[in-house]
**Q** 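Got a structure for you, questions after.
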Amino acid sequence: MAIMTYLEAIADGIRTEMRRDPSVFMLGEDIGIYGGAFKLTKGFIDEFGATRIVDSPISEAAIVGAAIGAALNGMRPIAEMQFMDFVTCGFNQIVNVAGTTAYRWQMGVPMVVRGPSGGGVGANPFHSRNSEAWFAHASGVKVVCPAFPADAKGLMIASIRDNNPVVFYEHKGLYRKIKEEVPEGDYSIPLGKARVVREGSDCSIIAYGSAVHFALEAAENLAVEHGYKVEVVDIRTLVPFDEETVLASARKTGRVVIAHEASLTAGFGGEIAARIADKAFEYLDAPLKRVAAYDAPTPFAPTLEKAVLPNAAKVRQAVEELLRY
Amino acid sequence: MAIMTYLEAIADGIRTEMRRDPSVFMLGEDIGIYGGAFKLTKGFIDEFGATRIVDSPISEAAIVGAAIGAALNGMRPIAEMQFMDFVTCGFNQIVNVAGTTAYRWQMGVPMVVRGPSGGGVGANPFHSRNSEAWFAHASGVKVVCPAFPADAKGLMIASIRDNNPVVFYEHKGLYRKIKEEVPEGDYSIPLGKARVVREGSDCSIIAYGSAVHFALEAAENLAVEHGYKVEVVDIRTLVPFDEETVLASARKTGRVVIAHEASLTAGFGGEIAARIADKAFEYLDAPLKRVAAYDAPTPFAPTLEKAVLPNAAKVRQAVEELLRY
Amino acid sequence: MAKKTPEKQTVSANDEATIPALTRSDLLTDDQRRIILTMMIRAREYDYAMQRLNRQGRAFGGVYSQIGNEATAVGSAYAMGDKDVLFPMHRNIGGHYVFGQDTRTLLLNQLAREGSRMRGTDGTGHYADPDKRIYGNISHLGSMIPVAAGYAMAARMRGEHIVTMTYIGDGGIQTGESHEGINFAAVQKLPMILIIENNQYAYSSPSHIEYACEKLSDRALGYGCYGITVDGTDIELVYETCKKAVEQARNGQGPALIECVTMRMRGHAEHDDFFYVPKETLEYWQKKDPVIRYENQIIEWGIMTREDIDALRQNIIEELRNAIDEVVELPFPAAEEGYRSVFVD
Amino acid sequence: MAKKTPEKQTVSANDEATIPALTRSDLLTDDQRRIILTMMIRAREYDYAMQRLNRQGRAFGGVYSQIGNEATAVGSAYAMGDKDVLFPMHRNIGGHYVFGQDTRTLLLNQLAREGSRMRGTDGTGHYADPDKRIYGNISHLGSMIPVAAGYAMAARMRGEHIVTMTYIGDGGIQTGESHEGINFAAVQKLPMILIIENNQYAYSSPSHIEYACEKLSDRALGYGCYGITVDGTDIELVYETCKKAVEQARNGQGPALIECVTMRMRGHAEHDDFFYVPKETLEYWQKKDPVIRYENQIIEWGIMTREDIDALRQNIIEELRNAIDEVVELPFPAAEEGYRSVFVD
Ligand SMILES: Cc1ncc(C[n+]2csc(CCOP(=O)(O)OP(=O)(O)O)c2C)c(N)n1
Ligand SMILES: Cc1ncc(C[n+]2csc(CCOP(=O)(O)OP(=O)(O)O)c2C)c(N)n1
Ligand SMILES: [Mg+2]
Ligand SMILES: [Mg+2]
């Protein structure tokens, strides 16, 4: 085990798999000599060469489309969006070409589209979006949103090995903020398995990505200050969705807060709430609450951004509301 | 009042507003002499001329982008997607340019992006998609999904007059299938108001678009066969969302089925469920059920399409389940 | 700027002089010519059969005619080597045949019957048949260009010298994905051929609605790749032009844009009566019918007799009729297929 | 195909001979030259000031330098008429100044302080100021090209003879939206000028990663519009070229693609130390510094003296310092602004 940041763990996952499997290669803007906007691929071109670390023009549709073509021809491409926001320019390729191929052709498109998403770092509305719900609604596309370094590595390796298109959301705010022990070498975590990251019996928080961290912070504060036992479930992948683990937690605690950084309306939190309200209804002792960003673009100024994005205080307030219910 | 099909009513709405307001114009593929793939704009070019009925190249991003530019310069463009499926190619313009302009610039983008969506007519995965949830999650974009001719006309006129970008989903299966009396001339229905299209006290079905029709069919069958009083609420617009009317119905009946033709996961039904599970929890006597398409592309063969898409029988089954609960 | 390719202008119906003689390519043997003609007639008759099925209400979904496009589809595909890969579009039945596809498979897909490669999930030419090196399109125009580029890139990474070929229309090339795909291929010098099927119309839109340049192959200059415009009804010219581009691409000289100028002789799909196409335009192009003219030429060159060709056509029609009779009786795929394979394992 | 614009090649640092003399345009008066120089110095000094703020940790978000681009930004914008409309990109501070924007407004936006036109919702040059006929960009490259086209189309619908001008880089022009936007403008013959700021790099990517053509203006042929490549460090040449294109566009002759070849003299943004740019390339372009050379030329032409220019610069620096001192003390906009105006009424 080595201590790695979230960013290092992702890089380590890709590097590990590229060493093992010659069919894996990367495609994206400025990923070669420059090492990527966040330096995630720093040194990759020296180790793997320009044939496997392909600098591309500013053409997200071509990046994704070429990755699909390569995947159909036996490769396992990893397509980088310099910022996940730019996936809107490769959107059609993902949802219509990649997402329908298994269904129509019974052929795999083993491709990972990955990149930094999320806010909280004073970027702007075009460098902060959390758009995972779009792909969760696309059909035929897997969606992964890791919150921890070790998970990020394990899920990255599993995503590369998956024979289906995977959109892999890295949270740029976590890149260098969190560190933990990460298994070295080959390490993969199956897609579609949630993880209970904190056990509790009073209330559940279902979260993913950056929200797991402020959920944990809220849970810890509530434990320290009031002795509440709040469970935190990190769903880790949106598609496939680990309904079982989520329902088990809801049934256990009877009180559920759902948290994500993405904006509220039509976010993935609605999906989680709907499944719980359908399949764990009889266990619920209180309404389902969601904590999410205000329905607006992610603003630039720190004052506004802080107001608009969710945080531990907002989660805590929701949990307290449920516990008082 | 005149009897109009859904298609005629939409055309009438656009025509009425174009006659009234010279700043309204249309932009799209084959909308001129040809009159559009569904003949919705038949005769428009004769009445309004080629300056206001602009045939465009096959360039959805340019169509939407040019509409945005024209909207910023005092016009009220209506951009047609020949099939709503192709909006994936103009996606970035809608979510990132149009959707952020009010927030960033405090300027309106009075633009309507409209076109035929939906399945059930033996098209194929690329001519059948229901993608309204994507835009509902975008922030800054209004989303309209009318189910009836009169509503379609009234909502179209309101959408054109709205100072914000509106994505207007027409259901191609309804175009010629339903007729009703439609007010002539100027007739607008405010965005953000749901309509109780059938009153009832045993159970509510919350629906929009084509689902309203199979919800009504299910409600009628249940009334005739069992005397159940099922309420059907047509939300009509997803953004803005008329939470009040939906919650009122849920509180009244205590049993709610949510229905849409779009695929289940991360569809707008989750949003509706989440709001009810939060704000009408104490009134619920049964779990929340959703009826939606199976999470797959909409298939081509009639056998498969019928299996994948929701229908009255599936809604009915869900209602019965709740009534037995 | 306003001037278009000469072929685009409406020409007086009597003006036979404007119709150049067909090319005789030195690269083809007479045996190959017979094969090419067979493919063209197959494509043509397939089209007629689909039209009939459509009129009888026995076909559904879009029925896109390729009449007028046989020389472009067959000539380009025939220029490919036997490891090369085809990404056909909606008017390339001729290419499917050249790549060895059989009528039954095509019909099963198009009519979405049990046994279709796509299990009824999709129709028309959207299927893939990796054994035959055919990857069909999706409806969104231009989307397959980056995919064909990526396929070629993957092959090159493995040291394979294959070429991919794909197609786009005078309308579809205006999409952003077309641009990104061609530019990507040019930057990477990928062995990808893009055939621009300039058939004068994009649905109802004549070329001046779609673009303002003189020739669409003029775009090659701006991408830094090889580009040329040829008469898309002249089968051996199409073949020779593509053959050259394919070998260039195979040798690492990068992609090519080949504009084949032809005419869509029917509506966009069978529901469209193409009232917007001037009668004289159709009459002019009728005289350039790629199949009939090649038949006559082949007879003139003494390669086949009229009787040979009639017999060939009868055979093809027979084959088609048998395949149709069999396929239309088949049921649609089982409903359960709709729930399968949204993901692969 | 592999050959690039001459300016693109790394030139020996000593090779003064390759640097052509600056153009003297007959269209400009000496008063106008003084104004132009003022705008260029303003842009340059704004840039220096932002660099300082960034080093001091007082700026945040991307700080994009436009050093090297002053002639392109100022020369193009200055060619516009007083009803024309600017859609600037991220290296066009010079254009903002030409269109009458004041430093304080720019700073309020860039530093997201209370009073910013965007209320802190967004930063850099993304603001719009309709009174000044400035509509900033969004980050997604190429997205504003169709918007600028549509703006021009709307004006034409109302019979107004305005021209819109927008910008794109050697990288950004590879996006699909750029293609669709230019083609749309060409088909519609819209009065829209697209300045291609070819500054040799797109972030870390040199041109050969982005495109394979010789000149980006070669794309004009494929769109059927006017296109030209000029030295983007030669202010009066840029001005004259744009002036001609603007008047052509105003007269209904359609859009233009004007490639201005220049060099990005700093990193992509201030966080980037541009290690990937060869030192000799920078040295070569240093000699073509658009501001310094124009200063010298203006002195040589006897229009201003060194002292005049020094005084002018001092004034500008003073103004900037005052504006900065004031603006940095302002608070960020109130948090509540984050909840307002997602929609307008
Ligand atoms: C992105 C996109 N927009 C619109 C359509 C609808 N559409 C299908 S075919 C067609 C016309 C295509 O014209 P062209 O590219 O010239 O090909 P042709 O049919 O003439 O062979 C249109 C507009 C589409 N399939 N994809
Ligand atoms: C669609 C899109 N993809 C990627 C980016 C990230 N990005 C921002 S600027 C830039 C480089 C732009 O290069 P160029 O167009 O040459 O303009 P320059 O910065 O050199 O002026 C990149 C890749 C973006 N903004 N938009
Ligand atoms: Mg065509
Ligand atoms: Mg550049």
Side-chain angles (χ1 to χ4, degrees), chain A residues 27-39 41 45 50 54-65 81-83 85-93 119 121-129 263-265 293-309, chain D residues 60-62 109-114 116 118-124 126 137-143 168-179 201-212 267-269 271-272 274-276 331-343:
Chain A
L27 181 59
E29 295 153 15
D30 307 294
I31 62 173
I33 290 176
Y34 193 69
F38 288 84
K39 301 290 176 190
T41 56
I45 196 161
V54 183
D55 269 328
S56 81
I58 305 179
S59 298
E60 283 75 11
I63 292 171
V64 178
M81 301 286 103
Q82 194 161 83
F83 285 79
D85 304 68
F86 304 131
V87 81
T88 49
C89 301
F91 191 75
N92 180 60
Q93 284 286 338
V121 303
N124 67 28
F126 310 108
H127 289 77
S128 310
R129 201 187 277 264
S263 58
L264 183 76
T265 295
Y294 182 75
D295 284 332
T298 307
F300 177 55
T303 39
L304 277 69
E305 191 178 27
K306 185 155 176 281
V308 164
L309 293 184
Chain D
F60 67 113
N109 282 316
Q110 177 132 22
L111 304 180
R113 291 310 202 275
E114 202 174 275
S116 136
M118 292 187 291
R119 312 173 295 124
T121 60
D122 199 356
T124 66
H126 291 188
N137 62 309
I138 74 162
S139 299
H140 294 62
L141 296 164
S143 293
I168 196 70
D170 42 292
I173 199 168
Q174 318 314 331
T175 64
E177 297 197 357
S178 297
H179 168 70
Y201 284 87
Y203 209 149
S204 75
S205 301
S207 304
H208 67 86
I209 299 287
E210 299 292 339
Y211 61 88
H268 169 60
H271 67 267
D272 167 16
F274 52 121
F275 68 88
Y276 47 81
F332 291 121
E336 295 71 50
E337 291 297 343
Y339 303 119
R340 291 196 190 116
S341 193
V342 175
F343 293 101

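Each chain gets a letter, A, B and so on, in the order its sequence line appears, and its residues count up from 1.
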**Q** May I ask you to name which of Asp272(D), Asp122(D), Val342(D), Thr175(D) has the most heavy-atom pairs under 4.5 Å with chain A?
**A**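 Most pairs with chain A among the choices: Asp122(D).
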**Q** Do the non-hydrogen side-chain atoms of Thr124(D) and Phe300(A) ever get within less than 4.5 Å of each other?
**A**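 Heavy-atom side-chain distance check fails, nothing below 4.5 Å.
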**Q** Is chain A contacted by the side chain of His126(D), its backbone, both, or neither, given a heavy-atom distance below 4.5 Å?
**A**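 Interface part for His126(D): side chain.
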**Q** Would you say the side-chain atoms of Ser116(D) pair up with the backbone N or O of Ala112(D), donor to acceptor, closer than 3.5 Å?
**A**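 No, Ser116(D) side chain to Ala112(D) backbone: no donor-acceptor pair under 3.5 Å.
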**Q** Go through the atoms of Phe343(D) and report whether side chain, backbone, both or neither lie under 4.5 Å from a heavy atom of chain A.
**A**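 Contact with chain A is absent: no heavy atom of Phe343(D) under 4.5 Å.
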**Q** Side chains of Ile58(A) and Gln82(A): closer than 4.5 Å at any heavy-atom pair?
**A**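 The answer is no, as the side chains (C-beta and beyond) never meet within the 4.5 Å cut-off.
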**Q** Where does Asp170(D) contact chain A at under 4.5 Å (heavy atoms): side chain, backbone, both or neither?
**A**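 When you check distances to chain A, no heavy atom of Asp170(D) falls under 4.5 Å.
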**Q** Counting heavy-atom pairs closer than 4.5 Å to chain A, which one of Gly62(D), Ser205(D), Ser341(D), Gly120(D) comes out on top?
**A**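 Counting heavy-atom pairs under 4.5 Å, the top option is Gly120(D).
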**Q** Contact part of Asp85(A) toward chain D, heavy-atom cut-off under 4.5 Å: side chain, backbone, both or neither?
**A**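 Asp85(A) touches chain D through backbone and side-chain heavy atoms alike.
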**Q** Counting only heavy atoms closer than 4.5 Å, note whether Ile138(D) contacts chain A via side chain, backbone, both or neither.
**A**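 The answer is both parts of Ile138(D).
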**Q** With rounding to the nearest 0.5 angstrom, report the CD to OG1 distance, Glu305(A) to Thr298(A).
**A**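 It comes to 6.5 Å.
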**Q** Counting only non-hydrogen atoms closer than 4.5 Å, does Phe86(A) touch chain D with its backbone (N, CA, C, O), its side chain (CB onward), both, or neither?
**A**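 Contact with chain D is through both the backbone and side chain of Phe86(A).
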**Q** Counting C-beta onward and ignoring hydrogens, is there a side-chain heavy-atom pair between Leu309(A) and Tyr294(A) closer than 4.5 Å?
**A**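 Answer no - side chains too far apart.
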**Q** If you count heavy-atom pairs under 4.5 Å with chain A, which of Gly61(D), Pro333(D), Ala202(D) comes out on top?
**A**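 Winner by heavy-atom pair count: Pro333(D).
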**Q** Side chain, backbone, both or neither: which part of Tyr339(D) has a non-hydrogen atom closer than 4.5 Å to chain A?
**A**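 Tyr339(D) touches chain A through backbone and side-chain heavy atoms alike.
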**Q** In terms of heavy-atom proximity below 4.5 Å to chain D, should Ala61(A) be classed as side chain, backbone, both, or neither?
**A**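 Neither part; nothing is under 4.5 Å.
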**Q** Would you mind reporting whether Phe91(A) and Val64(A) have side-chain heavy atoms less than 4.5 Å apart?
**A**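 The answer is no; the side chains never approach within 4.5 Å.
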**Q** For Arg119(D), which atoms come within 4.5 Å of any heavy atom of chain A: side chain, backbone, both, or neither?
**A**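 Only the backbone of Arg119(D) comes within 4.5 Å of chain A.
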**Q** Between Ser56(A), Ala62(A), Pro297(A), Gly32(A), which has the largest tally of heavy atom pairs under 4.5 Å with chain D?
**A**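 Option with the top pair count is Ser56(A).
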**Q** Side chains of Glu29(A) and Ile63(A), heavy atoms from C-beta outward: is any pair under 4.5 Å?
**A**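 Yes, their side chains come closer than 4.5 Å.
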**Q** For chain A, find which of Gln174(D), His271(D), Met118(D), Glu177(D) contributes the most heavy-atom pairs closer than 4.5 angstrom.
**A**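 Greatest number of close heavy-atom pairs with chain A: Gln174(D).
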**Q** Does the gap between the ring centers of Phe60(D) and Phe332(D) come in under 6.0 Å?
**A**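 Here the rings of Phe332(D) and Phe60(D) have centres that are less than 6.0 Å from each other.
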**Q** Can the ring centres of Phe83(A) and Phe126(A) be said to be less than 6.0 Å apart?
**A**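 Ring centroids of Phe83(A) and Phe126(A) are no less than 6.0 Å from each other.
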